[in-house]
Amino acid sequence: MATFLYRLGRLAFSRRRLFLMFWIVVLAAVGVSATSVSGTTTDDFTLPGTQSQKAIDLLGKEFPQASADGATARVVFEASGGQKLTSAAEKAQITTLVADLKKAPQVANVSEPFSDGLVSADGTIAYAQVIYKVPKADLTDAASEALNQVAEKGEKAGLTVSLGGNAVQEKAASKAAELIGLAVAAVALVITFGSMIAAGLPLLTALFGVGMALLCITISTHFFDMASASSTLALMLGLAVAIDYALFIVSRYRSEIRDGHEPEEAAGRALGTAGSAVVFAGLTVVIALAGLSVIGIKMLTTMGLAAAFAVAVAVVVALTLLPAVLGFAGMRIMKGKLTSKRHRAEERGEREAMGVRWGRFVTRNPVRMLVVSVVGLGVLAIPAMSLRLTLPDDSMASPGSTQRVAYDTLTKGFGPGFNGPLTVVVDARNSTGAGPEAAARDAYDTISKLPDVAAVRPAVFNESGDVALIAVIPGSSPTSQATKDLVADIRDHSAVLRTDTGAELMVTGTTALNIDVSTKLAEAMVPYLAIVVGLALILLLLVFRSILVPLKAALGFLLSVAATLGVLVAVFQWGWLKDVFGVDQTQPIVSVLPILLIGVVFGLAMDYEVFLVTRMREEYVHGAEPTDAIVAGFKHGGRVVTAAAIIMISVFSGFLLDDTALVKSIGLGLASAVLFDAFVVRMTIVPAVMTLLGRRAWALPGWLDRIMPNVDVEGEKLRHALEARQASTPPADQQASDGEYTGDAEAAGMVGENLDTTPARKH
């Protein structure tokens with residue numbers, strides 16, 4: 001691989017105009033396509049095999065008027081100025097607004113606040129439930145606009161009107177997070193390279209690659225149902241890894257130039273060594289993200305595949321466009337007017353780099369550093385034992401948003417359970433004895449006696465009279481443990497009802513569906529970890545040709561994830577430092593976050609592992625002692641990994657500025673995970689463990705060594721080939737005197753040819 005990438009780097013450098021034009025044409029073509037064939041995204045969950053999904057499918061067949069999979073909206077009315085909604089004027093106004101809702105596009109059913117008992121006891125709050133004929137993804141702009149017009153009309157009439165439910169369009173997310181992340185990334189790159197040109201190239205190619213990936217994802221929405229968060233995750237990860245990969249290659253390119261190589265040769269060598277590490281680092285991220293598809297939740301599958309595609313594009317751009325852009329920059333990339341005296345002294349070898357000093361400190365105190373790091377992460381992980389999961393609802397919306405106001409108003413007027421009603425389905429098609437009505441009555445009586453039930457509405461039958469719906473209002477909020485226990489209690493009575501009446505009892509609705517999703521995600525966490533970590537271990541085994549190094553990498557990652565989950569629980573569930581992070585109320589962790597965290601952070605963790613340890617292995621393979629190889633790895637890779645981690649943390653931390661609890665938790669989780677993994681695990685635990693292992697760290701059984709392919713990530717074969725070529729090439733003064741050879745001709749001949757030890761061609 002190193003030899004192939006060496007040739008690719010030189011080819012892209014020498015044919016830079018061709019490569020640049022190719023990418024510009026591709027980007028233009030993709031951009032034009034995206035404007036003409038883009039589709040819509042969705043947040044809908046489907047969970048084949050779960051009871052809630054089974055009930056939804058049954059209702060779609062036997063109770064189509066219920067529109068079980070349709071989008072929903074809650075229009076909440078609140079009287080102002082001490083008035084009551086039960087007064088004649090207010091009641092007439094609300095009746096008119098409800099009539100307008102019934103005429104709105106795509107509406108299947110609208111409840112009547114006054115006839116259906118949807119008015120609070122004090123008469124100040126009422127709501128109408130709107131059920132649409134289509135899922136959220138298929139709602140038209142006209143339907144959304146009609147909903148907003150009703151709210152505006154109510155406000156003008158003196159009512160306080162707020163909207164909740166999944167049919168309400170969320171406000172467009174602010175781009176402040178991405179802009180802040182880019183700004184901090186630019187500063188980190190300038191500090192790392194001390195050059196505006198060197199700092200600008202990673203940003204330029206990263207933006208190019210991310211733009212390409214997002215346009216392709218936009219096109220894919222025309223052919224596939226994509227989760228609405230797919231583009232956000234692809235942007236977040238694509239931007240972070242693209243900058244990291246370009247940073248790693250540019251850093252190696254500058255190092256090769258300082259070693260005396262011409263720019264084209266330096267580009268080839270940089271791609272042959274650092275480029276190999278980028279390929280395998282990218283593969284680990286792709287494996288971790290694509291592995292989300294094994295969970296069986298369509299939304300997570302599309303998010304993972306979209307983000308994996310963005311990472312793959314980042315790798316391809318780093319291997320093709322970046323060396324071409326390096327060709328345009330030439331030697332100007334070495335001009336470092338912004339470097340400090342200390343940095344310049346380090347580059348001249350007059351002063352030891354910070355990474356070298358840190359590496360020596362850790363290798364001199366491996367036991368202490370290992371114990372402190374492991375114990376520290378272990379303490380942070382303790383809150384993770386109290387982890388509770390849920391799916392986002394309107395309680396997690398931004399404070400002051402119409403969704404959050406509607407949620408809080410319903411809680412004030414009716415109790416928290418009204419925000420998460422349960423739909424109980426009595427399937428009496430195979431009932432025995434007294435028939436369906438007796439089965440429904442039995443279910444009604446049983447549910448009414450259960451704890452934490454605020455209200456139970458009488459059964460409503462379908463046209464054939466063999467399937468009934470019973471609406472149950474819990475006494476607790478949708479995300480509470482009490483509601484989760486109530487759903488379990490109702491389902492536990494299904495067996496008794498089936499024995500007594502032959503009917504089947506099922507619980508569905510948004511709340512029950514969220515509980516099922518959370519349960520499925522929790523159950524999938526361990527198998528997902530096993531699959532992703534197992535595949536990545538095989539990949540790292542090929543990269544490092546060692547058994548202990550990949551195992552150490554995986555165990556360190558598990559420590560990082562456990563500590564990160566502990567931080568999330570402490571902040572979002574327990575409320576520690578919630579004012580610092582702008583968290584207005586405690587609540588369970590969003591159920592998709594731990595799985596996403598595992599997938600994303602595992603890939604990024606292996607990035608740092610590959611970037612840092614491949615340089616250690618390169619030095620070890622070239623003859624350095626194990627401890628010296630560790631220090632040398634820090635000398636060449638420590639600064640780059642530090643800059644890469646700071647960039648990642650900056651990009652992710654920018655999302656803490658968002659008002660939405662879900663986005664805040666994602667930002668804090670990813671930023672914390674990168675902080676722990678880069679600086680505690682990779683920069684401390686890894687060198688400490690490798691120091692204690694010594695040569696055993698690189699040990700590989702002979703039988704395994706013989707059957708494993710040698711991918712040559714550290715460029716050992718490439719180095720031997722280049723040394724052999726150099727040894728067989730006449731010196732420059734001899735070439736000029738006999739007129740038989742020119743270095744430029746030989747350099748051009750290297751592109752696309754095999755590296756071997758044959759003498760130079762004669763003209």
Side-chain angles (χ1 to χ4, degrees), residues 50-68 72 74 109-121 127-129 131 410 414-478 480 482-516:
T50 61
Q51 188 184 102
S52 54
Q53 188 64 48
K54 181 181 177 182
I56 289 174
D57 295 340
L58 174 64
L59 291 177
K61 178 182 177 182
E62 301 290 340
F63 224 123
Q65 65 270 30
S67 221
T72 61
R74 287 184 297 274
N109 186 31
V110 180
S111 60
E112 294 279 357
F114 299 101
S115 59
D116 293 341
L118 304 181
V119 181
S120 63
Y127 76 96
Q129 183 84 2
I131 300 177
L410 278 180
F414 300 93
F418 272 74
N419 283 294
L422 305 176
T423 301
V424 178
V425 180
V426 181
D427 182 6
R429 292 175 298 176
N430 299 317
S431 62
T432 58
E437 290 189 4
R441 187 168 52 253
D442 192 351
Y444 177 90
D445 294 339
T446 300
I447 295 171
S448 300
K449 298 174 184 177
L450 293 177
D452 201 49
V453 173
V456 183
R457 291 179 185 149
V460 178
F461 283 89
N462 62 344
E463 291 183 2
S464 57
D466 53 8
V467 176
L469 291 183
I470 300 175
V472 179
I473 307 299
S476 304
S477 66
S480 67
T483 299
K484 185 176 181 179
D485 293 339
L486 175 60
V487 172
D489 289 342
I490 296 174
R491 287 173 172 173
D492 288 343
H493 284 82
S494 179
V496 177
L497 184 68
R498 186 185 300 111
T499 301
D500 294 343
T501 66
E504 185 177 1
L505 190 66
M506 295 179 285
V507 186
T508 188
T510 302
T511 301
L513 188 64
N514 290 352
I515 291 172
D516 288 343

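Atom set for the values below is all heavy atoms of this structure, side chains included, hydrogens, waters and symmetry mates excluded.
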Engineer: Looking only at non-hydrogen atoms, find the nearest pair between Ile515 and Lys484 and report the distance.
Structural biologist: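 Heavy atoms only, the tightest pair is CD1-CA, 3.7 Å.
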Engineer: Minimum heavy-atom separation for Ile490 and Leu505, please, with both atom names.
Structural biologist: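 Looks like O-CD2, 3.5 Å.
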Engineer: So, applying side chain to side chain contact (heavy atoms under 4.5 Å, CB included) with Leu497, which one of Asp500, Thr499, Thr501 is it?
Structural biologist: Thr501
Engineer: Answer whether the closest heavy-atom distance between the side chains of Thr423 and Val507 falls below 4.5 Å.
Structural biologist: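 No; the side chains remain at least 4.5 Å from each other.
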Engineer: Taking the side chain as everything from C-beta on, heavy atoms only, tell me whether Val425 gets closer than 4.5 Å to Leu59.
Structural biologist: yes
Engineer: To the nearest 0.5 Å, what is the distance between CZ (Arg429) and CG (Asn462)?
Structural biologist: 9.0 Å
Engineer: Please check if the number of heavy atoms outside Asp492 that lie under 6.0 Å from its CG is greater than 12.
Structural biologist: yes
Engineer: Check side chain to side chain contact (heavy atoms under 4.5 Å, CB included) between Asp116 and all other residues, then give those that pass, not counting sequence neighbours.
Structural biologist: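 By the side chain to side chain contact (heavy atoms under 4.5 Å, CB included) rule, Asp116 matches Ser111, Glu112, Leu118.
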Engineer: Looking only at heavy atoms, what is the nearest atom pair of Val119 and Phe114, with distance?
Structural biologist: CG2-CD2, 3.7 Å
Engineer: Just wondering, do Gln53 and Asp516 contact through their side chains at under 4.5 Å, heavy atoms?
Structural biologist: no
Engineer: So, taking the atom named CG in Leu513 and the one named CD1 in Ile56, what distance separates them when rounded to the nearest 0.5 Å?
Structural biologist: 5.0 Å
Engineer: First locate atom CG of Leu450, then atom CG of Asp445, and finally report the distance between them rounded to the nearest 0.5 Å.
Structural biologist: 11.0 Å
Engineer: Does some side-chain heavy atom of Glu504 sit less than 4.5 Å from a side-chain heavy atom of Lys54?
Structural biologist: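 SC-SC contact between Lys54 and Glu504 confirmed.
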Engineer: Tell me, please, which residues at least two apart from Thr510 pass side chain to side chain contact (heavy atoms under 4.5 Å, CB included).
Structural biologist: Asn514
Engineer: State the OG1-CG distance between Thr511 and Asn419, to the nearest 0.5 angstrom.
Structural biologist: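 The CG atom of Asn419 is 8.5 Å from OG1 of Thr511, to the nearest 0.5 Å.
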Engineer: Any non-hydrogen side-chain atom of Glu62 less than 4.5 Å from a side-chain atom of Asp427?
Structural biologist: no
Engineer: Can you see which heavy atom on Pro451 is nearest to which on Leu486, and at what distance?
Structural biologist: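 Answer, listing the atom of Pro451 first, then Leu486: O-CD1, 3.7 Å.
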Engineer: Any non-hydrogen side-chain atom of Thr483 less than 4.5 Å from a side-chain atom of Pro478?
Structural biologist: no
Engineer: Of all heavy-atom pairs between Val467 and Phe63, which one has the smallest distance, and what is that distance?
Structural biologist: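 So the two residues come closest at O-CE1, 3.6 Å.
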Engineer: What's the shortest heavy-atom distance between Ile470 and Arg457, and which atoms?
Structural biologist: CG2-O, 3.4 Å
Engineer: Checking Ser52 side chain against Thr508 main chain: does a donor-acceptor pair fall under 3.5 Å?
Structural biologist: no
